[in-house]
**Q** 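Input: one structure, supplied below.
Letters go in sequence order (proteins before strands), and every chain restarts at 1.
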Amino acid sequence: MSQHALLSASCKAWRSLSCPRSELRLDLTLGCGQTFRWRETADSHWTGVMRGKVWTLTQTEDTLWYYVYSHNNNPGPENRQKGKVEEEEQLLGKMSKRTTCIKQEDEGLCTVLSEPDKKEEELLRDYFQLDVKLGDLYKNWSTVDPHFKHTANIFTGVRLLRQDPVECLFSFICSSNNHISRIQGMVERLCQTLGTLLCKLDDVAYHDFPSLQDLTDPCVEMRLRDLGFGYRARFLQQSSQMIMNSHHPDWLQSLRSTPYLQARDALRTLPGVGLKVADCVCLMSLDKFEALPVDTHVWQIAKRDYNFAPGTSQKTLTDRVYKEIGDFYRKLWGPYAGWAQSVLFCADLKKFQKLKEEVLSEDKTELKIDERKRDRCAEKQKTQKKKSKRT
DNA sequence: TCACTACCTGT
DNA sequence: CAGGTAGTG
């Protein structure tokens with residue numbers, strides 16, 4: 001039986017990326033409600049499914065550690081004995097086996113990672129959008145917005161994920177009139193029921209997110225109703241069907257190269273997709289960083305912390321107020337307004353309130369010995385790789 | 001354009 | 001009521 005990987009147990013089996021905490025905080029980024037599929041499977045270890053693979057992530061002060069599990073996704077006769085296959089699956093503990101050296105002809109230099117390794121590092125960089133320099137953005141937002149500056153001191157490293165559009169869309173269709181914990185459960189059941197099994201870790205099954213095809217089957221609505229999706233069951237089935245019939249399977253993905261408002265309008269033609277859900281999908285999976293989802297909660301923040309008053313005093317969050325709030329923030333924060341908003345949103349979540357007190361009372365001179373050790377381990381791995389590449 | 005309501009289910 | 005949407009006046 002395979003187990004969840006632990007950094008402390010097998011440092012060498014992990015791979016790493018240089019990435020300071022100020023650029024990425026896993027706990028905040030994975031727990032703030034933009035994605036619903038990551039769980040803290042051990043202290044500061046996050047396990048989830050991303051780009052069709054099962055990952056465990058953890059981090060130390062300057063390093064992001066990742067672990068990719070192997071799984072058998074070739075449908076074949078041996079799949080009848082799934083249980084057995086899984087039992088035999090081992091953690092990818094053998095770095096040396098995987099890190100074959102690739103020579104580059106001209107310079108005698110060669111890359112440190114093998115092809116699949118490089119690909120996985122690239123997947124991770126892409127998913128976390130590590131090329132976006134969060135520290136610089138924070139600096140800019142802090143200059144123009146004192147309130148942001150205040151909360152940014154504590155909530156560093158909150159970053160938008162570049163999610164798969166299908167997963168993002170169908171997860172957020174589930175989010176209507178709903179709260180995070182229940183959405184998590186629903187998405188989990190959705191994957192368990194309709195998604196492909198990837199692997200099992202400590203008796204926990206990890207499934208891929210269902211494909212459009214999987215969601216289009218007419219019996220999906222009834223199955224999801226049985227799973228407690230309520231009226232959203234119909235939305236999910238109908239939306240996928242509409243994409244498959246009226247568009248093409250890659251239609252969602254193609255919206256990445258469509259201008260923001262146009263993409264949002266396109267999404268809004270799908271059942272169960274209003275302004276808020278469309279903006280979530282735009283911001284979190286379609287590269288529209290100016291998109292700014294406004295829910296009642298964000299509206300409260302605007303009123304409370306920014307003294308926001310709509311042009312005409314509305315009682316409900318009308319389309320008009322929705323747009324006014326978005327425009328207000330875009331004017332304040334600029335083209336990455338959606339990113340800035342996610343920081344404040346995160347800071348306002350109940351589950352992170354304790355952070356505010358912890359940070360204030362924390363003894364800042366405390367040495368994080370474990371982490372330093374691991375950071376050194378990362379360095380060591382890198383130099384070893386450099387050495388081995390010359391042979 | 002705005003207000004109101006029903007829609008599913010769990011806490 | 002909850003991190004909405006769609007349908008109706």
Side-chain angles (χ1 to χ4, degrees), chain A residues 28-38 155 158 160-161 163 167-190 193 220-243 264-285 291-305 308-327 329 337-353:
Chain A
L28 303 179
T29 298
L30 299 177
C32 69
Q34 58 176 320
T35 172
F36 305 98
R37 298 217 59 203
W38 293 89
F155 291 86
V158 181
L160 259 312
L161 266 18
Q163 300 189 64
E167 174 170 342
C168 193
L169 171 65
F170 290 93
S171 298
F172 278 97
I173 288 179
C174 296
S175 77
S176 72
N177 199 7
N178 218 339
H179 49 277
I180 291 182
S181 61
R182 187 172 165 222
I183 302 168
Q184 275 186 348
M186 287 166 66
V187 172
E188 199 50 55
R189 291 196 294 280
L190 182 67
T193 313
V220 161
E221 176 181 351
M222 203 181 58
R223 296 185 70 184
L224 294 183
R225 274 193 184 267
D226 288 341
L227 292 171
F229 279 64
Y231 57 87
R232 303 165 195 85
R234 192 206 318 262
F235 289 155
L236 293 168
Q237 194 276 334
Q238 285 182 336
S239 279
S240 67
Q241 188 164 34
M242 193 177 285
I243 295 171
R264 187 174 71 173
D265 285 344
L267 290 170
R268 282 242 274 163
T269 64
L270 301 171
V273 181
L275 269 177
K276 195 263 181 179
V277 170
D279 269 333
C280 285
V281 178
C282 280
L283 175 66
M284 302 173 190
S285 72
L292 205 148
V294 179
D295 51 34
T296 52
H297 197 189
V298 171
W299 190 23
Q300 299 311 312
I301 297 178
K303 287 192 284 195
R304 186 192 65 200
D305 298 331
F308 176 86
T312 59
S313 68
Q314 260 84 238
K315 193 166 193 270
T316 55
L317 184 50
T318 60
D319 284 10
R320 179 166 163 192
V321 180
Y322 187 104
K323 281 165 188 158
E324 282 181 21
I325 294 176
D327 290 340
Y329 281 128
W339 285 58
Q341 198 271 335
S342 76
V343 178
L344 295 192
F345 186 86
C346 179
D348 220 58
L349 285 176
K350 196 181 242 173
K351 64 167 153 181
F352 292 134
Q353 291 315 294

**Q** Do any N or O atoms from the side chain of Gln34(A) and from the backbone of Gln163(A) form a donor-acceptor pair under 3.5 angstrom?
**A**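 No; zero donor-acceptor contacts below 3.5 Å.
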**Q** Whole-Å distance between dG10(B) C1' and Asp226(A) CG?
**A**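 Asp226(A) atom CG is separated from dG10(B) atom C1' by 17 Å.
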**Q** Residues in side chain to side chain donor-acceptor pair (under 3.5 Å) with Gln241(A), at least two apart?
**A**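 If we apply the side chain to side chain donor-acceptor pair (under 3.5 Å) test to Gln241(A), skipping adjacent residues, the hits are Gln237(A).
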**Q** Can you name the side chain to side chain donor-acceptor pair (under 3.5 Å) partners of Trp38(A), sequence neighbours left out?
**A**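 Applying side chain to side chain donor-acceptor pair (under 3.5 Å) to Trp38(A) gives Tyr127(A).
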**Q** Only pairs under 3.5 Å count here: list side-chain donor-acceptor contacts from residues 173-180 of chain A, not counting sequence neighbours, and write none if there are none.
**A**
from	atom 1	to	atom 2	distance (Å)
Ser175(A)	OG	Phe172(A)	O	2.6
Asn178(A)	ND2	Cys174(A)	O	3.1

**Q** Could you pull out every donor-acceptor pair under 3.5 Å between side chains of residues 312-321 of chain A and any protein atom, sequence neighbours left out?
**A**
from	atom 1	to	atom 2	distance (Å)
Thr312(A)	OG1	Gln314(A)	OE1	2.5
Thr312(A)	OG1	Gln314(A)	NE2	3.0
Gln314(A)	NE2	Thr312(A)	O	3.0
Thr318(A)	OG1	Val321(A)	N	3.3
Arg320(A)	NE	Glu324(A)	OE2	3.4

**Q** Sequence neighbours left out, what passes side chain to side chain contact (heavy atoms under 4.5 Å, CB included) with Gln353(A)? Give chain and number order.
**A**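 With sequence neighbours excluded, Gln353(A) shows a side chain to side chain contact (heavy atoms under 4.5 Å, CB included) to Lys356(A), given in chain and number order.
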**Q** Scan residues 311-324 of chain A against DNA chain B and write down, sorted by residue number, each residue with any heavy atom closer than 4.0 Å; if none is found, say none.
**A**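 Here the set is Gln314(A), Lys315(A), Thr316(A), Thr318(A), Arg320(A).
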**Q** Can you name the side chain to side chain contact (heavy atoms under 4.5 Å, CB included) partners of Gln300(A), sequence neighbours left out?
**A**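 By the side chain to side chain contact (heavy atoms under 4.5 Å, CB included) rule, Gln300(A) matches Lys303(A).
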**Q** Checking Ala340(A) now: which residues fulfil side chain to side chain contact (heavy atoms under 4.5 Å, CB included) with it, not counting sequence neighbours?
**A**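 Here the qualifying residues are Trp141(A), Phe148(A), Trp333(A).
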**Q** For Asp348(A), give me all partners under side chain to side chain donor-acceptor pair (under 3.5 Å), at least two apart in sequence or on another chain.
**A**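 Side chain to side chain donor-acceptor pair (under 3.5 Å) list for Asp348(A), sorted by chain: His297(A), Arg304(A).
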**Q** Specify the separation, in whole Å, of atom CE of Met222(A) and atom P of dC8(B).
**A**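 The answer, rounded to whole Å, is 15 Å.
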**Q** Rounded to the nearest angstrom, tell me the gap between atom CD1 in Ile173(A) and atom C1' in dT9(B).
**A**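 Distance, rounded to whole Å: 18 Å.
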**Q** For Arg232(A), answer base if it contacts any base atom (sugar-phosphate contacts may also be present), sugar-phosphate if it contacts only those atoms, and nothing otherwise; contact means non-hydrogen atoms under 4.0 Å.
**A**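 Result for Arg232(A) = base.
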**Q** Would you say Cys32(A) and Leu349(A) make side-chain contact, with heavy atoms under 4.5 Å?
**A**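 Of all side-chain heavy-atom pairs linking Leu349(A) with Cys32(A), at least one is under 4.5 Å.
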**Q** Reading nucleotides 2-9 of chain C from the 5' end, what letters show protein touch, with B for base, S for backbone sugar-phosphate only, - for no heavy atom under 4.0 Å?
**A** BBBSS---
**Q** Taking only Watson-Crick and G-U wobble pairs with both distances under 3.5 Å, what dot-bracket line describes DNA chain B, where [ ] shows pairs that cross earlier ones and | shows pairs with another strand?
**A** .||||||.||.
**Q** How would you list, by chain and number, every residue that makes a side chain to side chain donor-acceptor pair (under 3.5 Å) with Asp327(A), sequence neighbours excluded?
**A**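 Side chain to side chain donor-acceptor pair (under 3.5 Å) check on Asp327(A) returns Arg330(A).
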**Q** What integer number of Å spans the P atoms of dT8(C) and dC8(B)?
**A**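 It works out to 15 Å between them.
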